[in-house]
Amino acid sequence: MWLLPSFRACLAWALLSLVLGMELSLQESFLLKALGLSTKPSPKAPVPVPPVLWRIFQKRKMLPSTNRDPVDACRVEEFNVPGNIIRVFADQGHFIHSRQPQRLLCLQKRLYFNLSVLEEDEHLTMAQLEVKFSHNSYHTSSQGQGFELRLYQTSQLPLREMPSQEPGRKLLVEQSFVQLHKSLLFNLSGAAKDWRTFSRNLGLILEISVSGRDGASALGSEGLQGLCTSINSFLDTSLLVVTLSQQCKASRRRRSARYPPVTPSNLCRPRRLYISFSDVGWENWIIAPQGYMANYCLGECPFPLTAELNSTNHAILQTMVHSLDPEGTPQPCCVPVRLSPISILYYDNNDNVVLRHYEDMVVDECGCR
C-alpha cells in the first residue's frame, strides 16, 4: 500500500505534463498561424539563402528604429511594390531534347515554379524571372556573336519535339544579348497572376539560340557548339515572387511623440523581453534572426495621468472616476501604443526560403488606455 501515494504522484505528474504539453502545442499552432504557417516546418535539405533575400533582410535589420518614420512592413521598397512576403522559387523544369535539332537553337528548357504554397488570401504584386549565367561562361568570338532568348507561356503540356510556333504557347519575351556573365531579369507578374486566377500553371518554355544566320554560318559547327555548350553548362533560373498578405495593414502607423523616460519604476512603461527562437524549438527552420527584443508593457496608470504616460482623453476621465469609485471603475490598462515590425528569414513547409516582414512585433512605447 505504501507504493500507492507514489503511483498517484507519478500519475498526477504525467497528466499535468500531458495537459501542459497540449496547451503549449495549441499555443504554438496559434502562433504559427499568426506567422502564416499551417504546421511547424521541418526542412529536410536546407538550400542556401538567395543573395537578394539576404540583402533585403540585412538592410531592414540595419534601419534605425528611433527618431524616424516607421518602416512600412507592407511595402518592399527595393522593388517599389506592395508586399510583406518575398519568396525565391527554384526552377523544377527540365531540358527538352528534340530528335530533330535545329542548327541555330542552343537549348530548349521547360521552366516550372511551384506557386501552390501561396495562400489564397495572398495578393501577388510582383513576379520576376532571373536567367543567370556563370562568370566563366562568357564565350567571345571575333564576330562578336550574340544570342536570342525567347520565353513562352505554356497553355498545354509541352511535347519534346514541339516546334517554336506550335499552338499552345504564348510568346512573353523576345530579347537579344551578348554577354552571358550578367543576369537577365524579366517581369512575369502578368503570367504568374494568370496562373493563380484563370489557367493552370503549366510552366514556361525557354529557348536560346545563336542570333543571325550569317554570323552562325561564319562560326562553323565547332564555334556554334562552343557557344551553346557555355550556355547549357551554366544556365540557372529562379522566380522571385512578392505577395501581400491579408493581415498586413496597408497604411503606416503614426508614431507618437517621444518623451523623456518616467522615473518611477512602477509606472506604465516598456520592459525588456528578449525572445529566443531556440528556446521555443524553432531554430532548425528559422534562419535569421536567432531572436529579437520584443519587449512588453507593465506598470500602473495612476491619477492624475500625465503626458508622459501617452494617455487618451478617455483614460484621463476613467482615472478621475476610478479615484472617486475605486471599487466600481478599474484603472486604465498599460498597453502598447507604438509597435515596429521585424523581418524573418525561414524555410517553409516546402523547403522554400521565405523573407517575410511582420508588423507589430516590437513594443516601442506604452501608454494608458
Side-chain angles (χ1 to χ4, degrees), residues 14-50 52-54 56-57 60-61 73-74 76 82-92 112-127 192-193 195-197 200-201 203 238-249 273-294 296 339 341-362:
L15 290 174
L16 179 60
S17 300
L18 179 62
V19 171
L20 290 176
M22 292 175 63
E23 289 183 353
L24 288 174
S25 178
L26 186 61
Q27 292 177 4
E28 182 182 60
S29 66
F30 286 150
L31 186 53
L32 288 171
K33 186 177 181 180
L35 296 179
L37 297 167
S38 56
T39 58
K40 184 168 68 174
S42 180
K44 300 176 180 61
V47 297
V49 179
V52 62
L53 297 189
W54 265 124
I56 297 175
F57 173 79
R60 290 264 178 163
K61 183 179 177 181
C74 297
V76 183
N84 65 313
I85 308 173
I86 311 173
R87 298 178 176 91
V88 175
F89 294 93
D91 175 30
Q92 300 179 18
Y112 182 77
F113 305 99
N114 185 7
L115 305 186
S116 63
V117 296
L118 273 61
E119 300 291 336
E120 291 184 2
D121 64 349
E122 290 184 44
H123 174 64
L124 192 149
T125 59
M126 192 188 87
K193 291 177 182 178
W195 289 334
R196 300 194 70 203
T197 54
R200 288 180 57 199
N201 177 9
S238 60
L239 186 70
L240 184 145
V241 175
V242 179
T243 60
L244 181 69
S245 65
Q246 189 176 20
Q247 293 82 6
C248 197
K249 301 179 181 65
L273 170 64
Y274 181 79
I275 295 180
S276 171
F277 292 127
S278 61
D279 289 344
V280 295
W282 288 6
E283 71 278 4
N284 65 327
W285 61 274
I286 290 185
I287 304 169
Q290 297 179 350
Y292 75 102
M293 191 66 69
Y296 67 98
L339 301 103
I342 66 168
S343 300
I344 299 179
L345 267 172
Y346 64 90
Y347 295 106
D348 65 10
N349 296 108
N350 293 78
D351 290 0
N352 296 310
V353 178
V354 182
L355 172 59
R356 183 162 182 167
H357 306 311
Y358 292 99
E359 277 196 319
D360 303 339
M361 295 287 284
V362 178

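Residue numbers run from 1 in the order of the sequence given.
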When rounded to the nearest 0.5 angstrom, what is the spacing between [atom1] in [X] and [atom2] in [Y]?
{"X": "Lys44", "Y": "Asp351", "atom1": "NZ", "atom2": "CG", "value": "6.0 Å"}
{"X": "Leu355", "Y": "Ile85", "atom1": "CG", "atom2": "CD1", "value": "10.0 Å"}
{"X": "Tyr292", "Y": "Ile342", "atom1": "OH", "atom2": "CD1", "value": "5.0 Å"}
{"X": "Tyr112", "Y": "Phe89", "atom1": "OH", "atom2": "CZ", "value": "10.5 Å"}
{"X": "Leu345", "Y": "Arg60", "atom1": "CG", "atom2": "CZ", "value": "12.0 Å"}
{"X": "Glu359", "Y": "Ser245", "atom1": "CD", "atom2": "OG", "value": "8.5 Å"}

Within the structure provided, determine whether [X] and [Y] are in side-chain contact (heavy-atom separation under 4.5 Å).
{"X": "Val47", "Y": "Val353", "value": "yes"}
{"X": "Lys40", "Y": "Trp285", "value": "yes"}
{"X": "Phe57", "Y": "Ile287", "value": "no"}
{"X": "Val362", "Y": "Leu339", "value": "no"}
{"X": "Leu53", "Y": "Arg87", "value": "no"}

Closest non-hydrogen atom pair between [X] and [Y], with its separation:
{"X": "Asn284", "Y": "Pro41", "value": "ND2-O, 4.3 Å"}
{"X": "Glu122", "Y": "Thr243", "value": "OE1-OG1, 2.6 Å"}
{"X": "Trp195", "Y": "Arg200", "value": "CD1-O, 3.6 Å"}
{"X": "Leu244", "Y": "Cys74", "value": "CD1-O, 3.7 Å"}
{"X": "Phe113", "Y": "Asn201", "value": "O-ND2, 2.8 Å"}
{"X": "Ile86", "Y": "His357", "value": "CD1-NE2, 4.3 Å"}

Phe277 and Trp282 aromatic ring geometry - parallel, tilted or perpendicular at 30°/60° bounds: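 It falls in the parallel class, under 30°.
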Criterion side-chain hydrogen bond (donor to acceptor under 3.5 Å, both in side chains) on Glu283 and Ser278, from CA distance to verdict: CA-CA 5 Å; Glu283 71 278 4; Ser278 61; 5.3 Å; no
Residues Glu120, Arg196; criterion salt bridge (Lys or Arg N to Asp or Glu O under 4.0 Å); working and verdict: CA-CA 9 Å; Glu120 291 184 2; Arg196 300 194 70 203; over 6 Å; no
Would you check if the side chain of [X] reaches a backbone N or O of [Y] as a donor-acceptor pair within less than 3.5 Å?
{"X": "Asp91", "Y": "Ser238", "answer": "no"}
{"X": "Asn350", "Y": "Asn352", "answer": "no"}
{"X": "Tyr358", "Y": "Asn84", "answer": "no"}

side-chain contact (heavy atoms from CB on, under 4.5 Å) between Arg356 and Ile344, worked out: CA-CA 6 Å; Arg356 183 162 182 167; Ile344 299 179; 5.7 Å; no
Crowding at CD, Gln290 (>12 non-hydrogen neighbours, <6.0 Å): no
